[in-house]
Amino acid sequence: MMSFPLLEVKDISVEYGVDGKTIKAVSHVNLEINKGDIVAIVGESGSGKSTLAMTFLNLIEKPGRIRNGKVNYRGAKGVVDVLRMRPVDLMRYRWKEVSMIFQSAMNSLNPVMRIEDQLKDVMIEHGTVESAVDAKIDEKLKLAGLTTSVKKSYPHELSGGMKQRVNIALALACDPKLLIADEATTALDVVVQRQILTRLLKLKQDLSLSLVFITHDISLVANIAEIINVMYAGKIVERASAKQLFGNPLHPYTEALLNSIPTLEKGTAIKGIKGTPPDLSKEIKGCPFADRCPKMYDRCLAESPELKNVGDNHYVSCHLY
Amino acid sequence: MNSIIETNQVTKEFVTKRGFLKRTTSTTRALDQVNVTINENEIFGLIGESGSGKTTLGLAILRLIDLNQGKINFFGENIYDLKKRQLFNFREKTQMIFQDPYSSLNPVVTIYKSVSTPLKVFHKEMSEEQVVDKVIQTLETVGLTPADQFLNKFPTQMSGGQRQRVGIARAVISDPDFIVADEPVSMLDVSLRADILNILVNLKLKLNKSMMFISHDITVTQYVSDRIAVMHLGQIVEMGESGEIIKNPLHPYTKTLIDSIPVPDPNKKWNTDEIGGQISEYTNEGKNECSYANKCPFVKNVCRERRPDFKEVEKNHFVACVLYD
């Protein structure tokens, strides 16, 4: 891979201070997103996937705080660290360079503003000239697969799938290079989910976008993502291409996760993962998955494994390898 | 096989009032002449998109709402005719498992109190020790072991999967014959779903319970269900053995549903065809046409002229579509 990464996350750690306890939501994560890539981040709730994505936009707010690390973005003016940007630059970076589709379609739109005004707000704020706004609103709505008549509506007049499309139109409003979809289809039913994903893939091709998919449903990204990162307890425990990950999962957590998916083939029993994820407010000495892992041995309790390349760009953090 | 639930032409309308002085009214048919039969010792899956009326049917079967039309028999007796005493017995014999384990448990009540309440209502004769024993036994059935450690916990001290197990324990402790499970795993992580689904299957296999399993996820539904019915805008459009529905879907809507399931196999290409029909809010206004006509890629004139009959096309496989006339 000769291309420089568009976005490079280096050794990032995020903590939340709640009730006098410190919860280590993300610890020492490294990640690269290249231009035109589709990268997935998969994990259970509480694994830190959304927190990680928020750092891409420097969106962590109190009680959260970024402990250490860098988020390097390669823009027109060279590489900059998003976490150390001046507020005025940050405003130009958000929406215009990197934008995000938020989790709940239902709640992320302003209920008392017409759709066109919400789009206009974002566009004007981020430097679109007033005279060009109307044409651009129509263009973005069409890109998101909506008819332009939607712009006169209020959010409550639209169905869940349509609201999620408005969110896509919003995210595209300022022509970003990278789009982060945080559980973008989780609240929707399968048919609408397919329509939204199809739309996103088409946009990726037409606009040469880079995409980051965040989801708890690993089956959703199997045939979409090029690279899948599996997160557990604030760390990336395995990273591989979709083919490698599904064909040859190395980390016992990934394996367990794949075994828990119900498929349409009758007769294959599905198994859940025993136990619960660790309490991230406590110091974890060894591997965070150790007490749920069927292949656990002495070393797993004593020492935390590093994420390492075991060949063919297949990364895993497990003492078995 | 004996039937436990039989619905006959069940129709439920909701009226919304709008406009100045709320003078404009519009009627939505949430249930439109629904006929289903659920057998003893069977898990009956009900799938459909949000707003299709799945939950309304679940509520109707438990007599938690009133109907505009039709009747529902429970062991041959119309539940809407039950008098006070009989209704009380019916409440004991039917229970519900709710979707959201975070809001369906009272946060200021211990697990023991939540789970023991049905016994205190329906079995006043039981002594305190007997109640404790029964609660412990039930918690163990749903995999909360060791049970005595959970008795004095509050819901906030438990994970989502554990809470949903409490929800199941509370539903089965009065030994009901029939349970409605309304989206019981949709709020849970994929890794936690498997165990909950296995518990539900075991309720049928080991305790001979009958169940209606409501979900928008066809993969999850076929895993637990013996038969599946597909609902669209208040109507049952297809019904059959679950394996048969998956292998040989007949109704265009069922086909689209099955086609849209993400397949956990990176070698299969994502189906990028745009699905026919614009997304928009259609509601069932009780018109005399096929409920899927507005979205169907195979729509013909006749689809808008009359309702398709719900008929048996193959053995035990019913569909409402003119393509099979």
Side-chain angles (χ1 to χ4, degrees), chain A residues 42-47 145-147 157-162 165 187-199 201-202 216-225 228 241-247 253 256-266 268-274 276-277, chain B residues 47-52 143 158-162 185-199 201 215-224 242-243 246-247 253 256-275 277-282 295:
Chain A
V42 180
E44 291 174 86
S45 44
S47 61
L146 288 162
T147 52
E157 296 174 289
L158 305 175
S159 68
M162 289 167 93
R165 280 160 192 253
L188 309 169
D189 46 80
V190 279
V191 178
V192 184
Q193 168 170 286
R194 174 174 142 194
Q195 289 169 324
I196 299 279
L197 290 177
T198 305
R199 182 51 61 175
L201 290 183
K202 195 163 178 313
H216 71 275
D217 187 355
I218 195 166
S219 56
L220 192 65
V221 291
N223 31 29
I224 299 174
I228 300 179
S241 70
K243 276 194 182 135
Q244 286 170 325
L245 196 81
F246 279 85
Y253 175 67
L257 203 59
L258 292 174
N259 281 334
S260 67
I261 311 172
T263 57
L264 281 185
E265 282 140 55
K266 250 305 197 228
T268 45
I270 52 172
K271 286 198 285 277
I273 306 176
K274 290 256 176 301
T276 46
Chain B
I47 57 170
E49 59 193 349
S50 40
S52 62
M158 302 174 84
S159 67
Q162 290 174 329
V185 297
S186 67
M187 302 280 290
L188 300 176
D189 271 321
V190 176
S191 60
L192 299 171
R193 285 181 187 177
D195 286 334
I196 300 291
L197 295 175
N198 288 331
I199 291 171
V201 172
S215 175
H216 66 276
D217 185 338
I218 197 166
T219 343
V220 162
T221 309
Q222 67 87 32
Y223 181 74
V224 297
S242 48
I246 303 296
K247 262 189 275 143
Y253 178 61
T256 310
L257 266 184
I258 291 175
D259 252 10
S260 306
I261 300 168
V263 188
D265 179 355
N267 295 316
K268 292 223 174 98
K269 265 269 157 265
W270 179 260
N271 184 350
T272 48
D273 304 340
E274 295 266 355
I275 300 163
Q278 266 290 325
I279 308 183
S280 58
E281 283 273 84
Y282 290 110
K295 297 188 200 164

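Per chain, numbering begins at 1; letters A, B, ... match sequence-line order. Fair warning: this is a prediction, and the values are worked out from it, not measured in the lab.
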Exercise. Which atoms of B:T219 come close to chain A, meaning under 4.5 Å heavy atom to heavy atom: side chain ones, backbone ones, both, or neither?
Worked result: both

Exercise. Rounded to the nearest 0.5 Å, how far does CG of B:D195 lie from NZ of A:K274?
Worked result: 5.5 Å

Seminar exercise, completed: When every non-hydrogen atom of B:P262 is compared with those of A:S219, the smallest separation belongs to CB-O, 3.6 Å

For this session: Test side-chain contact (heavy atoms from CB on, under 4.5 Å) on A:N223 and B:D265 and set out the steps.
Result: CA-CA 7 Å; A:N223 31 29; B:D265 179 355; 5.9 Å; no

Exercise. For A:I270, is it the side chain, the backbone, both or neither that has a heavy atom under 4.5 Å from a heavy atom of chain B?
Worked result: both

For this session: Please look at B:I196 and chain A and tell me whether the side chain, the backbone, both or neither of the residue comes under 4.5 angstrom of a heavy atom of that chain.
Result: neither

For this session: Examine whether an atom of A:K243 lies under 4.5 Å from a heavy atom of chain B, and if so say whether it belongs to the side chain, the backbone or both; otherwise answer neither.
Result: both

For this session: Would you name the heavy atoms of A:G272 and B:A194 that are closest together and state the gap between them?
Result: N-CB, 3.3 Å

Problem set entry | Full working for side-chain contact (heavy atoms from CB on, under 4.5 Å) between B:L257 and A:V190 | CA-CA 7 Å; B:L257 266 184; A:V190 279; 3.6 Å; yes

For this session: First locate atom CG of A:D217, then atom CG of B:D189, and finally report the distance between them rounded to the nearest 0.5 Å.
Result: 10.0 Å

Exercise. What closest approach, in Å, do A:P262 and B:V220 show between heavy atoms, and which atom pair accounts for it?
Worked result: CG-CG2, 4.0 Å

